[in-house]
Amino acid sequence: QVELVASGGGLVQAGDSLTLSCTTSGRTFGSVALGWFRQAPGKERTIVSAISWNSRSTYYDNSVEGRFTISRDNSKSTLYLQMTSLKPEDTAVYYCAAARRPHTAVVSPNTDFGSWGQGTQVTVSS
(Lines give C-alpha, C1' and ligand atoms only; values in the text may rest on other atoms or scores of the structure.)
Protein backbone atom coordinates (compact mmCIF):
# COMPACT_ATOMS: atom_id res chain seq x y z
CA GLN A 1 0.00 0.00 0.00
CA VAL A 2 1.32 3.40 -1.01
CA GLU A 3 0.06 6.52 0.73
CA LEU A 4 0.46 9.69 -1.31
CA VAL A 5 0.35 13.40 -0.51
CA ALA A 6 0.42 15.98 -3.31
CA SER A 7 1.60 19.54 -2.79
CA GLY A 8 2.83 22.60 -4.66
CA GLY A 9 -0.39 23.91 -6.11
CA GLY A 10 -1.34 27.56 -6.11
CA LEU A 11 -2.70 30.54 -7.97
CA VAL A 12 -0.63 31.61 -10.98
CA GLN A 13 -1.06 33.62 -14.14
CA ALA A 14 -1.26 32.22 -17.64
CA GLY A 15 2.22 31.52 -18.95
CA ASP A 16 3.69 30.90 -15.51
CA SER A 17 5.32 27.72 -14.29
CA LEU A 18 4.62 25.56 -11.28
CA THR A 19 6.07 22.31 -9.93
CA LEU A 20 3.94 19.81 -8.06
CA SER A 21 5.38 17.22 -5.72
CA CYS A 22 3.97 13.99 -4.40
CA THR A 23 5.53 12.30 -1.43
CA THR A 24 4.78 8.87 -0.11
CA SER A 25 5.10 6.82 3.01
CA GLY A 26 4.73 3.44 1.39
CA ARG A 27 7.49 0.90 1.16
CA THR A 28 6.71 0.00 -2.44
CA PHE A 29 7.16 3.46 -4.01
CA GLY A 30 10.21 2.50 -6.04
CA SER A 31 8.57 -0.51 -7.65
CA VAL A 32 5.32 0.96 -8.96
CA ALA A 33 4.31 3.25 -11.80
CA LEU A 34 3.02 6.65 -10.74
CA GLY A 35 0.71 9.12 -12.35
CA TRP A 36 -0.72 12.60 -12.16
CA PHE A 37 -4.43 13.16 -12.70
CA ARG A 38 -6.57 16.25 -12.58
CA GLN A 39 -10.20 17.08 -12.07
CA ALA A 40 -11.75 20.37 -13.06
CA PRO A 41 -15.06 21.51 -11.54
CA GLY A 42 -17.94 19.60 -13.03
CA LYS A 43 -15.67 17.29 -15.01
CA GLU A 44 -14.35 13.79 -14.59
CA ARG A 45 -10.88 13.07 -13.32
CA THR A 46 -8.50 12.48 -16.21
CA ILE A 47 -4.93 11.35 -16.53
CA VAL A 48 -2.31 14.02 -17.15
CA SER A 49 0.91 12.07 -17.12
CA ALA A 50 2.45 8.83 -15.92
CA ILE A 51 5.90 7.37 -15.36
CA SER A 52 7.07 3.79 -14.98
CA TRP A 53 8.80 2.53 -11.85
CA ASN A 54 12.25 2.92 -13.45
CA SER A 55 11.46 6.16 -15.35
CA ARG A 56 12.07 4.49 -18.72
CA SER A 57 8.48 4.94 -19.87
CA THR A 58 6.42 8.12 -19.67
CA TYR A 59 3.02 9.16 -20.93
CA TYR A 60 1.55 12.63 -21.47
CA ASP A 61 -1.95 13.63 -22.39
CA ASN A 62 -2.02 15.58 -25.64
CA SER A 63 -3.20 18.68 -23.79
CA VAL A 64 0.04 18.90 -21.78
CA GLU A 65 2.58 17.33 -24.15
CA GLY A 66 5.57 19.64 -24.48
CA ARG A 67 4.57 21.79 -21.50
CA PHE A 68 4.60 19.37 -18.56
CA THR A 69 7.40 17.06 -17.45
CA ILE A 70 6.96 14.15 -15.07
CA SER A 71 9.86 12.78 -13.06
CA ARG A 72 10.53 10.79 -9.94
CA ASP A 73 13.28 10.39 -7.38
CA ASN A 74 12.96 6.94 -5.88
CA SER A 75 15.66 7.70 -3.31
CA LYS A 76 13.41 10.44 -1.94
CA SER A 77 10.11 8.61 -2.61
CA THR A 78 8.94 11.70 -4.46
CA LEU A 79 7.11 12.25 -7.72
CA TYR A 80 7.22 15.58 -9.57
CA LEU A 81 5.26 17.37 -12.25
CA GLN A 82 6.93 20.41 -13.77
CA MET A 83 4.30 22.56 -15.45
CA THR A 84 5.25 25.38 -17.79
CA SER A 85 3.30 27.71 -20.06
CA LEU A 86 0.25 27.19 -17.89
CA LYS A 87 -3.15 27.92 -19.36
CA PRO A 88 -6.47 28.71 -17.70
CA GLU A 89 -7.74 25.32 -18.88
CA ASP A 90 -5.08 23.68 -16.69
CA THR A 91 -7.06 24.84 -13.66
CA ALA A 92 -8.03 21.77 -11.63
CA VAL A 93 -7.33 19.75 -8.53
CA TYR A 94 -4.28 17.63 -9.26
CA TYR A 95 -3.89 14.17 -7.75
CA CYS A 96 -1.04 11.70 -7.73
CA ALA A 97 -1.65 7.99 -7.89
CA ALA A 98 0.23 4.71 -7.75
CA ALA A 99 -0.29 1.64 -9.89
CA ARG A 100 -1.86 -1.40 -8.29
CA ARG A 101 0.79 -3.79 -9.60
CA PRO A 102 4.57 -3.41 -9.46
CA HIS A 103 7.06 -3.10 -12.29
CA THR A 104 4.79 -1.85 -15.05
CA ALA A 105 7.18 -1.53 -17.98
CA VAL A 106 5.13 0.76 -20.21
CA VAL A 107 2.67 3.29 -18.83
CA SER A 108 -0.45 4.44 -20.63
CA PRO A 109 -3.94 5.72 -19.88
CA ASN A 110 -4.85 2.06 -19.35
CA THR A 111 -2.41 1.57 -16.50
CA ASP A 112 -4.34 0.41 -13.46
CA PHE A 113 -3.89 3.06 -10.79
CA GLY A 114 -5.34 2.14 -7.43
CA SER A 115 -3.78 4.25 -4.68
CA TRP A 116 -4.76 7.89 -4.64
CA GLY A 117 -3.45 10.82 -2.67
CA GLN A 118 -5.09 14.00 -1.54
CA GLY A 119 -5.18 16.62 -4.27
CA THR A 120 -3.62 20.03 -4.63
CA GLN A 121 -5.43 22.93 -6.29
CA VAL A 122 -3.90 24.63 -9.32
CA THR A 123 -5.61 27.79 -10.51
CA VAL A 124 -4.41 29.61 -13.62
CA SER A 125 -5.78 33.08 -14.19
CA SER A 126 -5.96 34.63 -17.64
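Computed from heavy atoms alone, side chains included, the values below leave out hydrogens, waters and symmetry copies. Just so you know, residue 1 is the first one in the sequence shown, and it goes up from there.
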**Student:** Please test F68 against V48 for side-chain contact (heavy atoms from CB on, under 4.5 Å), starting from the C-alpha separation and ending with a verdict.
**Tutor:** CA-CA 9 Å; F68 290 10; V48 174; 3.7 Å; yes
**Student:** So, taking the atom named CD in Q13 and the one named OG1 in T123, what distance separates them when rounded to the nearest 0.5 Å?
**Tutor:**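 Going from CD on Q13 over to OG1 on T123, the span is 13.0 Å.
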**Student:** Verify the neighbour count for atom CD of E65: are there more than 12 heavy atoms of other residues, nucleotides or ligands below 6.0 Å?
**Tutor:**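 Correct, the count exceeds 12.
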**Student:** To the closest 0.5 Å, what do you measure between CG (L81) and OG (S71)?
**Tutor:**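 Atom-to-atom, L81:CG and S71:OG are 8.5 Å apart.
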**Student:** When you measure from the centre of the six-membered ring of F29, is the NZ or CZ of R72 closer than 6.0 Å and no more than 45° off the axis?
**Tutor:**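 Ring-cation test returns yes.
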**Student:** Quick check: do L4 and Y95 have side-chain heavy atoms less than 4.5 Å from each other?
**Tutor:**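 L4 does not reach Y95 side chain to side chain.
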**Student:** Which is it for S31 and R101 under the side chain to side chain donor-acceptor pair (under 3.5 Å) test, yes or no, and what are the steps along the way?
**Tutor:** CA-CA 9 Å; S31 64; R101 300 177 182 84; over 6 Å; no
**Student:** I need the minimum non-hydrogen distance between V5 and Q118, along with the two atoms involved.
**Tutor:**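 Closest heavy-atom pair between V5 and Q118: CG1-NE2, 3.8 Å.
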**Student:** Could you check T84 against Q82 for side chain to side chain donor-acceptor pair (under 3.5 Å), going step by step and ending with a plain yes or no?
**Tutor:** CA-CA 7 Å; T84 65; Q82 294 177 284; over 6 Å; no
**Student:** Check whether any side-chain N or O of S49 sits under 3.5 Å from a backbone N or O of W36 as a donor-acceptor pair, and report yes or no.
**Tutor:**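 No, because the side chain of S49 does not come within donor-acceptor range (under 3.5 Å) of the backbone of W36.
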**Student:** To the nearest 0.5 Å, what is the distance between CG (L18) and CG (D90)?
**Tutor:**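 The distance works out to 10.5 Å.
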**Student:** Return yes if some donor-acceptor pair links the side-chain N/O of S52 with the main-chain N/O of S57 below 3.5 Å, else return no.
**Tutor:**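 Pair found, side chain donor or acceptor close to backbone of S57.
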**Student:** So, T104 side chain and V106 main chain: donor-acceptor pair closer than 3.5 Å or not?
**Tutor:**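 Checked: no pair found.
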**Student:** Mind checking the CD1-OG1 spacing from I47 to T111? Nearest 0.5 Å is all I need.
**Tutor:**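 So the CD1 of I47 and the OG1 of T111 are separated by 6.5 Å.
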**Student:** Would you confirm whether T120, through its side chain, and G9, through its main-chain N or O, come within 3.5 Å as a donor-acceptor pair?
**Tutor:**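 Answer holds: yes.
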**Student:** Should the pair R100 and F113 be classed as cation-pi, given the thresholds of under 6.0 Å to the six-membered ring centre and 45° from the axis?
**Tutor:**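 Judged by the rule, R100 and F113 form no cation-pi pair.
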**Student:** Could you grab the distance from atom OG1 of T69 to atom CE of M83, nearest 0.5 Å is fine?
**Tutor:**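 Going from OG1 on T69 over to CE on M83, the span is 11.0 Å.
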**Student:** Mind running side-chain contact (heavy atoms from CB on, under 4.5 Å) on R38 and T46 for me, showing each step along the way?
**Tutor:** CA-CA 6 Å; R38 65 187 179 187; T46 58; 4.2 Å; yes
**Student:** Do Y60 and I70 make a side-chain contact, defined as non-hydrogen atoms from C-beta onward lying under 4.5 Å apart?
**Tutor:**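 They are in contact (side-chain heavy atoms under 4.5 Å apart), so the answer is yes.
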**Student:** List the steps, then state whether side-chain contact (heavy atoms from CB on, under 4.5 Å) holds for D16 with V124.
**Tutor:** CA-CA 8 Å; D16 284 352; V124 184; over 6 Å; no
**Student:** Can you find a heavy atom in the side chain of Y80 that is under 4.5 Å from one in the side chain of L20?
**Tutor:**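 No - every pair of side-chain heavy atoms lies 4.5 Å or more apart.
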**Student:** Looking at side-chain heavy atoms only, is the closest gap between I51 and L79 below 4.5 Å?
**Tutor:**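 SC-SC contact between I51 and L79 confirmed.
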**Student:** When clusters are formed by joining ILVMFWY residues with side-chain heavy atoms under 4.5 Å apart, either directly or through shared neighbours, do W53 and V107 land in the same one?
**Tutor:**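 They do not share one cluster, since no chain of ILVMFWY contacts under 4.5 Å joins W53 to V107.
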**Student:** To check you understand the geometry: which heavy-atom pair defines the closest contact between S85 and S17, and what is its length?
**Tutor:**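 That would be N-OG, 4.3 Å.
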**Student:** How many angstroms lie between atom OG of S55 and atom CG of L34, to the nearest 0.5 angstrom?
**Tutor:**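 Answer for the OG-CG pair, S55 versus L34, is 9.0 Å.
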**Student:** Is a side-chain donor or acceptor of T78 paired with a backbone partner of K76 at a separation under 3.5 angstrom?
**Tutor:**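 Yes.
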